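Here is the structure we will look at, set down as structure tokens.
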Amino acid sequence: MAAVRGLTAVALRVVTPWPRSRLLAASRGPRALREVSSSIPEAGEGQIHLTDSCVQRLLEITEGSEFLRLEVEGGGCSGFQYKFSLDTVINPDDRVFEKGGARVVVDSDSLAFVKGAHVDFSQELIRSSFQVLNNPQAQQGCSCGSSFSVKL
């Protein structure tokens, strides 16, 4: 719950349903969780999609067991903000999304706010960054693209 600051436990219970099959898979360890994450036939529901530019950049910057962690935190000018970091530890409540050898990990609380979204890497004249695009859970965002509000 630390990833989503400013929300009460009651709000998180309403927003983040946790299917029993994923809970059981998480208790078997990170490897089992990765296998379940890749094989859930939900047709994009509850999934994070990685763009080719995201995969290419992750393969360039990660070493060994490193992966990109995506978290959602309370804050920003629209209410919630995305936080990206490189990490090496997979927690029991994490979901692993993999494409072409690149991995993005999202904790269960944050996944409720980004499921169905695309993670992209954008390189522009003034900045280079990972971004969340086409987030179906976001109602509106700020002009810089780093914060958003959720659909109620």
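Predicted model only: the values in this text are computed from it and were never measured.
Across every non-hydrogen atom of Asn135 and Ala117, the tightest pair is CA-CB, 3.7 Å. Heavy-atom minimum distance, Phe121 versus Thr51: N-OG1, 4.1 Å. Taking both residues in full, the closest heavy atoms of His49 and Gly116 are given as CD2-O, 3.6 Å, listed atom of the first, atom of the second, then distance. Contact between Gly74 and Gln81 at its shortest, heavy atoms only, is O-NE2, 4.2 Å.
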Determine, step by step, whether Ile48 and Leu111 satisfy the side-chain contact (heavy atoms from CB on, under 4.5 Å) criterion, reporting the C-alpha distance in whole Å, the side-chain angles of both residues, the deciding distance to 0.1 Å, and the verdict. CA-CA 8 Å; Ile48 299 296; Leu111 184 59; 4.0 Å; yes

Stepwise, does the side-chain contact (heavy atoms from CB on, under 4.5 Å) test hold for Leu70 with Val119? CA-CA 9 Å; Leu70 167 59; Val119 178; 4.1 Å; yes

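The hydrophobic clustering, which links ILVMFWY residues whose side-chain heavy atoms are closer than 4.5 Å, places Leu50 and Leu59 together.
Between Arg69 and the choices Thr88, Asp87, Asp107, the side-chain hydrogen bond (donor to acceptor under 3.5 Å, both in side chains) rule is met once, by Asp87.
Residues His118 and Asp120 fail the side-chain proximity criterion, which asks for heavy atoms closer than 4.5 Å. Taking 4.5 Å as the limit, some side-chain heavy atom of Val114 sits within range of a side-chain heavy atom of Tyr82. Val105 places none of its side-chain heavy atoms less than 4.5 Å from the side chain of Phe97.
Atoms CZ and CG, from Phe84 and Leu68 in turn, are 6.0 Å apart once rounded to the nearest 0.5 Å. Atom CG of Leu86 and atom CZ of Phe67 lie 9.0 Å apart (nearest 0.5 Å). The distance from atom CZ of Arg95 to atom CD of Gln47, rounded to the nearest 0.5 Å, is 5.0 Å.
With sequence neighbours excluded, the residues forming a salt bridge (Lys or Arg N to Asp or Glu O under 4.0 Å) with Arg57 are Glu60, listed by chain and number. For Glu63, the side chain to side chain contact (heavy atoms under 4.5 Å, CB included) partners at least two apart in sequence or on another chain are Glu66.
Under a 3.5 Å cut-off, the side chain of Asn91 and the backbone N or O of Asp94 do not form any donor-acceptor pair. Between the Ser110 side chain and the Glu71 main chain, no donor and acceptor come within less than 3.5 Å of each other. Counting only distance, with no hydrogens or angles, the side chain of Arg103 and the backbone of Ser65 share a donor-acceptor pair below 3.5 Å.
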